[in-house]
Amino acid sequence: MKNAYLALDLGAGSGRAIAGYFKDGHIYTDEILRFENRPVKLGDTVYWDFLSLFDNVKNGISISVKKGYDLRGIGVDTWGVDFGFLDRNGKLLSNPVTYRDNRTAGMSAEAFKSVSKEVMYRISGIQLMEINTLFQLLSLVKQHAPVLGVAEKLLFTPDLINYFLTGKAANEYTIASTSQLLNAQTRAWDESLFEHLGLPLIMEKVINPGETIGLLTKEIVEETGASKAKVYAVGSHDTASAIGAIPAEGDNWAFLSSGTWSLLGVLTENPILTEEAFANDFTNEGGVDGKILFMRNITGLWLLQRLIAGWEKEEGQKQLYEVLLLEASKAVPFRSVVDSDNAIFSNPLSMSEAINEYCKNTKQPVPQSKGEYVRCVLESLALKYSVVMERLKQCTGKSIEKLYVVGGGSQNTLLNQMIADALNMEVVVGLTEATAIGNIMQQAIADKYIKDWKAGHKIIRNSFNFVTYKPEAHDKWLSQRNKNL
């Protein structure tokens, strides 16, 4: 049996169970299981299929044991803001609702009647987005939702999984920070927000990454065979784990977590709650090792993901990513540019039709081929990153010379070069599964197998090949940014 730690890394589109172990100063990973995480529409509500999700969590643990891993720890990370309710007997009251459900439409205006957006930002430091937990919870209050009458605990998605693994209820700090209900400075629930908005304060104690949540329940041990594993609090917001894994040195770098969402920012010791940060939609979310992720949430590769899904449905066959990128590389540059954060792209029935409509409304050519659609999305993202980067420098006063890109998008060679050109800085990639690496490293530190994050970063540098993209055509991108954005 080989000692290992299991990262249960659950994204908004798919989940992964990845075992990690250490040998000769290196970290090694083994993908145990990959599975779909598919929202389900029932009536007019869009839910997560939590029962299927948890079943796959158990399968990941069980398969790890069958493959010969003696699990010392288990850590769970997921997307942010979403949650489920438990009743007084610890039973799940319903499947959690996805943040892409429309129940929060108009809730920001309702909230601002009681608490101004400026005050809300000074308290929470969180970018004002209607998908946030605050607005989801307020929508239930305004609807007089019956579930609030019997709900005893609110647990975020990773907290909910941890609870059904261990029987222990807690809210982990990094995921709690995405809610917009945590005080950015005290890192505790801000009771004034709950009071002024009339929200039920049914949250649990906030715990930090590195704390032990508990042992697996007897039932889970019997099902999976993982008798020795402890469940640790990691950076349970997937972005916190991903950025924690970056082994950068010095203070002149920024990060981009590139996936369905793009998160562009820097690490700070304390939240930045200035008027300038508020005006530019920056957020202060919890990170590992006591850090704050000062960053901007940007709708990322969601547009490309939905384009591909639409083409696969229409044609009944899988779309090859490398073929699409090759076609995009041959398409005419800067033909059409879209704003990925525009509401039209939130959850359209057809992403290609949404792009067509945006281009028509802004008097731009409509893409005619798959290559043109893909190039439109990638160039638009790179241009958006360049604008956000300039505002990031202004808000922090930092001189940023290098960008580390992590996550699935870091494998997109065409996009990486576009980013280097648009930002006029080196782009470093090499941690595709950064979230799982950060998750595993936090477990090993909590288990005292690794001394601290400094030692962990040294191991990561020794274990992966990092590739640097250098800017080649910044002047062309600069003129396009000034023209389009």
### Query
Do the charged groups of Lys67 and Asp30 touch, with an N to O distance under 4.0 Å?
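Yes, charged N to carboxylate O under 4.0 Å.
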Under the side chain to side chain donor-acceptor pair (under 3.5 Å) rule, collect the residues that match up with [X], sequence neighbours excluded.
{"X": "Glu223", "result": "Lys58"}
{"X": "Asn3", "result": "none"}
{"X": "Asn252", "result": "Glu401"}

### Query
Can you name the residues that form a salt bridge (Lys or Arg N to Asp or Glu O under 4.0 Å) with Lys454, not counting sequence neighbours?
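In terms of salt bridge (Lys or Arg N to Asp or Glu O under 4.0 Å), with neighbours along the sequence ignored, Lys454 is linked to no residue.
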Can you name the residues that form a ring-ring contact (aromatic ring centres under 6.0 Å, His included) with [X], not counting sequence neighbours?
{"X": "Tyr449", "result": "Phe22"}
{"X": "Phe194", "result": "none"}
{"X": "Trp453", "result": "His457"}
{"X": "Tyr163", "result": "none"}

### Message
Going by salt bridge (Lys or Arg N to Asp or Glu O under 4.0 Å), name the pairs with one or both residues in residues 112-128, residues two or more places apart or in two chains.
### Response
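Residue pairs passing salt bridge (Lys or Arg N to Asp or Glu O under 4.0 Å), neighbours aside: Glu110-Lys113.
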### All pairs passing salt bridge (Lys or Arg N to Asp or Glu O under 4.0 Å) where residues 236-255 contributes a residue, at least two apart
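Residue pairs with at least one partner in residues 236-255: Glu249-Arg461, Asp251-Lys398.
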### Query
Judged by modelled atom types alone, do Tyr28 and Ser463 share a side-chain donor-acceptor pair under 3.5 Å?
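There is no such pair between these side chains.
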### Message
For Glu130 and Ser108, which I'm curious about, is there any donor-acceptor pair between the side chains at under 3.5 Å?
### Response
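Judged by distance alone, the side chains do pair up.
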### Message
Would you say that more than 12 heavy atoms from the other residues, nucleotides or ligands in this model lie under 6.0 Å from the CD of Glu152, or not?
### Response
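Enclosed: over 12 neighbouring heavy atoms sit under 6.0 Å from CD of Glu152.
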### Message
Does Lys458, at its NZ atom, have more than 12 non-hydrogen atoms belonging to other residues, nucleotides or ligands within less than 6.0 Å?
### Response
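Open: at most 12 neighbouring heavy atoms sit under 6.0 Å from NZ of Lys458.
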### Cation-pi check, Lys2 onto Tyr69 ring (under 6.0 Å, within 45° of axis)
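Not flagged: Lys2 not positioned over aromatic ring of Tyr69.
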### Query
Going by the side-chain hydrogen bond (donor to acceptor under 3.5 Å, both in side chains) test, which pairs reach into residues 74-93, not counting sequence neighbours?
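Found Trp48-Asp82, Asp77-Asn439, Trp79-Asp82, Asp82-Gln136.
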#### Entry: Pairs involving residues 286-296, ordered by first then second residue, that meet side-chain hydrogen bond (donor to acceptor under 3.5 Å, both in side chains) (sequence neighbours left out)
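Sorted pair list comes back empty.
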### Query
Given the side-chain rings of Tyr5 and Tyr21, with only the six-membered ring counted for Trp, is the space between their centroids under 6.0 Å?
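For Tyr5 and Tyr21, the ring centres are not under 6.0 Å apart.
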